[in-house]
Amino acid sequence: MGIPIESSPPPGWEREGIDGLLGLFPPGRLSEIVGPRSSGASSLLLALIARITTSGSSNWGGSSNGGQVAFVDGMDALDPASAAAAGADLSALLWVRCGGRLRVALSAADLLARCPGFALVVLDLDDLGPVPVSTCIRLQRAVEGTDTILIVRRERHREGTPASLVLATRRLAPQWMGLRPLTRLAGLRSEISICRSRLHSSLSPLGRGQGEGLQGEGLQGEGLQGQGIWTLDWTLSQ
Amino acid sequence: MTRIACLLMTNDLPAHAALLQVALAHSPRVEDAGAGCLYLDASGLQSLFGDDGRLAERLRAAAAAAGVAIRVGVAASRLGALAAARLGSGVAVVEPGGDAASLAAAPLSLLTLSEPLAIRLSRWGLRTLGELAALPTAGLFERAGAEGVQAQRLARGEDPRPLASWRPVPAFEETVECEWGLETLEPVVERLSELAARVCGRLGARGLAADGFEWVCRLAGGRAHEGGLTPAVPLTEAAAVTGLLRLALEARPPRGIVEGLTLRARPTRAAPAQESLTDPSRPSPRFLAATMNRLVALVGSDRIGAPALLDSHRPDAVGLGAYASPSPLRGEGRVRGSRVRGAAPVLALRRLRPPAPAAVTLASGRPVAMRSSRLAGRIVAGVGPWRSSGEWWTTQPWLQDEWDVELADGTLCRLAHDGSAWHIAGVYD
């Protein structure tokens with residue numbers, strides 16, 4: 001009897017849901033998550049951090065021990081309570097607070113990208129300022145040939161960056177509990193779409209190597225549902 | 001025939017090291033019992049120093065010459081020798097086979113007993129070792145267990161445990177004298193690199209690592225330039241140590257011509273761990289230590305580490321702990337978050353640090369508009385207030401009303417009122 005090459009995901013794992021989305025981030029490449037405020041970008045980052053610190057991989061085929069994550073926090077915005085609620089192992093998270101200094105954040109990310117062994121390096125810039133393309137290329141080169149996933153999170157996507165995967169997040173609607181009057185905030189529904197993918201050409205909306213110039217507002221179109229667009233409900237942890 | 005000598009100090013404990021030297025000068029096997037008490041193996045020393053009495057006198061004289069006043073007891077067991085030293089008049093020798101008889105009148109307090117057993121023996125009315133030795137062994141075992149039987153064997157002069165030999169703590173220190181004074185940093189680092197290789201070689205030979213390094217540069221004119229570093233993880237690799245030393249010296253170079261160098265390592269035992277083929281890779285200690293040092297220089301030591309949730313309900317009660325060296329063993333018992341596979345993904349809050357002051361317009365007690373340097377707009381939906389307070393028993397009590405609001409542009413944020421002013425605590429993202 002033959003053994004199937006592709007093993008089955010563990011129970012509870014959704015290949016088409018967020019689990020499948022988190023598995024898209026390519027090791028050894030630069031990826032970007034872009035989106036405006038309250039669009040679910042930080043929630044997506046925390047879900048990825050939780051996945052990696054607990055299972056060691058962004059795919060469902062990780063090990064029982066988690067990987068190490070470095071989080072370069074440009075704006076000092078990380079909420080460890082949210083990270084813990086998302087399931088992250090805080091002891092496996094190296095938090096570098098840059099206090100709103102762009103150059104410091106870029107230097108810190110460069111140092112960490114060159115330190116082999118981190119499964120994920122996050123550079124969270126939000127609206128801290130534009131990043132020179134040359135810096136992005138330098139970061140991309142730093143992780144090439146390693147198993148490190150490098151993600152830059154910022155508000156807008158810039159043309160010319162060497163990112164292999166660009167995910168755009170868009171808010172759809174907040175979820176409230178109770179009728180009028182409302183009683184509490186339950187969560188947020190957001191849409192995540194692939195702006196650019198140089199690795200998953202079947203998921204890239206405009207084909208391999210294309211998609212530049214999309215300014216982080218995601219893609220529209222009914223025909224792409226289930227192929228490059230995810231609609232996710234983020235729940236507020238009380 | 002086993003003979004044990006007990007050396008019991010009668011003056012201050014700082015002379016303990018000198019007493020150790022005296023004991024080691026007479027016997028290679030010495031046990032440090034602490035609190036000014038040493039045992040040395042006196043078996044077979046008769047051919048060197050004469051009988052037990054002469055050995056005891058010699059030991060006492062040698063200690064006196066070293067400035068240590070001691071009493072000496074020689075017997076076949078440690079307890080017998082201790083009793084002889086403590087109860088004797090300076091030098092006491094118990095003849096072979098006479099331990100039980102000599103211990104019979106000694107108090108029970110000579111034994112190191114657990115508190116329950118000591119209380120039990122006291123309730124039985126036992127005061128001396130002889131009374132304990134005379135009890136029937138089977139009955140004692142039924143009532144006091146193995147510890148009682150063990151105490152009785154000691155009281156009978158039996159001493160089955162061999163001496164635990166004392167070994168000096170090795171000093172991991174290397175020194176080099178520079179024949180020609182070193183005026184620039186590069187040759188200083190080269191010399192330190194050689195010292196690091198020697199120190200790390202000695203550490204590795206003993207299966208140890210170092211969690212701290214100190215160096216001393218002796219400068220011309222009799223001055224000294226001292227410094228130290230604490231790597232993020234214990235190190236044994238000379239190249240990694242050299243890199244850290246270079247960084248530290250570049251940050252604070254010696255001001256003068258270097259005539260001599262000393263490098264000292266603080267040893268620690270590095271727990272060996274088997275790497276797993278299936279586990280994800282971890283940062284190598286060498287690279288991680290160098291990266292952490294550069295990051296500390298970049299952002300400051302108080303802005304880097306592993307986030308830790310503090311035991312408080314105060315908003316944004318987080319701290320930064322040390323980012324520990326990842327170990328293959330760390331998977332055991334570590335603290336993880338609460339999310340499980342298949343659970344709904346969690347909405348994150350982005351904190352504004354410090355919270356941004358805001359001007360909030362109220363209507364019927366509810367916020368309807370807000371304006372701040374970070375966010376502004378009409379509030380189209382909101383829930384609250386969520387009231388919380390705490391630490392009123394301290395000098396820094398806190399009180400907060402929180403609102404979750406949606407602005408007209410779709411931004412979801414958390415507003416907070418601390419009793420005197422409004423501010424934006426964070427933005428949901």
Side-chain angles (χ1 to χ4, degrees), chain A residues 10 12-13 18 37-43 46-47 50 54 56-57 63-65 67-68 76-77 79-82 84-99 104 107-108 111-112 115-119 147 171 174 176 182-185 187-188 232-237, chain B residues 276 278-284 287-288 290-291 294-295 298-299 303-309 316-318 320-321 323-324 326 328 330-331 334-353 375 381-383 386 404 406 409-413 426-429:
Chain A
W13 225 247
I18 188 173
R37 285 191 297 262
S38 300
S39 62
S42 299
S43 303
L46 291 192
T54 52
S57 164
S63 69
S64 57
N65 280 336
Q68 302 296 308
D76 285 1
D79 181 34
S82 294
D89 175 9
L90 296 184
S91 65
L93 181 61
L94 174 61
W95 184 18
V96 184
R97 301 175 59 175
C98 301
V104 169
S107 300
L111 282 173
L112 287 164
C115 180
F118 283 103
D147 291 332
R171 67 173 159 262
W176 300 97
L182 302 174
T183 53
R184 78 177 182 89
L185 177 66
L188 171 74
L232 295 174
D233 287 322
W234 306 101
T235 306
L236 181 60
S237 172
Chain B
S276 167
T278 58
D279 282 353
S281 62
R282 298 178 305 278
S284 103
F287 284 111
L288 182 62
T291 304
R294 291 190 171 102
L295 287 171
L298 192 64
V299 299
R303 302 186 70 83
I304 183 170
L309 301 177
D316 197 20
V318 296
L320 271 175
Y323 179 69
R330 67 181 299 176
R334 64 181 178 177
V335 180
R336 290 184 179 183
S338 56
R339 185 177 180 258
V340 295
R341 288 174 179 174
V346 172
L347 178 61
L349 178 70
R350 289 181 68 84
R351 290 273 178 191
L352 298 186
R353 296 190 178 96
L375 290 171
V383 291
W386 308 112
D404 291 328
E406 180 187 7
D409 66 355
T411 302
L412 282 172
C413 62
V427 176
Y428 290 108
D429 185 38

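All chains are named by letter (A, B, ...) in the order of the sequence lines, taking the proteins before the strands, and each is independently numbered beginning at 1.
- For the options B:Leu412, B:Val299, B:Ile304, heavy-atom pairs under 4.5 Å to chain A are most numerous at B:Leu412.
- Among B:Thr411, B:Val318, B:Leu320, the residue with the largest count of heavy-atom pairs under 4.5 Å with chain A is B:Thr411.
- Ranked by heavy-atom pairs under 4.5 Å with chain A, the first of B:Gly305, B:Ala306, B:Ala290 is B:Gly305.
- Residues A:Phe118 and B:Leu288 come closest through the heavy atom pair CZ-CD1, 4.1 Å.
- Around the CG atom of A:Asp233, the shell of radius 6.0 Å holds more than 12 heavy atoms that belong to other residues, nucleotides or ligands.
- B:Asp429 pairs in a side-chain contact (heavy atoms from CB on, under 4.5 Å) with only one of the listed residues (A:Ser82, A:Ser42, A:Ser43), which is A:Ser42.
- The two atoms that bring B:Ala381 and A:Trp176 nearest to each other are CB-CZ2, 3.7 Å, heavy atoms only.
- Between B:Val427 and A:Ser38 there is a side-chain heavy-atom pair separated by less than 4.5 Å.
- Of all heavy-atom pairs between A:Leu236 and B:Asp404, the closest is CD2-OD2, 4.2 Å.
- Between A:Arg171 atom CZ and B:Tyr428 atom OH the span is 15.0 Å, to the nearest 0.5 Å.
- Contact count against chain A (heavy-atom pairs under 4.5 Å) is highest for B:Asp409 among B:Leu352, B:Asp409, B:Asp316.
- Interface remark: A:Thr235 contributes backbone and side-chain atoms alike to the contact with chain B (heavy atom separation under 4.5 Å).
- Residue B:Leu309 comes nearest to A:Ala84 through the heavy atom pair CD1-CB, 3.9 Å, listed as atom of the first residue, atom of the second, then distance.
- No part of B:Ala317 comes within reach of chain A, as not one of its non-hydrogen atoms sits under 4.5 angstrom from that chain.
- Interface remark: of the candidates A:Leu94, A:Leu111, A:Val96, A:Leu94 forms the most heavy-atom pairs closer than 4.5 Å to chain B.
- Screening B:Arg351, B:Arg350, B:Arg353, B:Arg303 against A:Asp76 for a side chain to side chain donor-acceptor pair (under 3.5 Å) leaves a single residue, B:Arg303.
- Contacts of A:Arg37 with chain B are made by both backbone and side-chain atoms, with heavy-atom separations under 4.5 Å.
- When all heavy atoms are compared, the tightest approach of B:Pro307 to A:Trp95 is CB-CE3, 3.6 Å.
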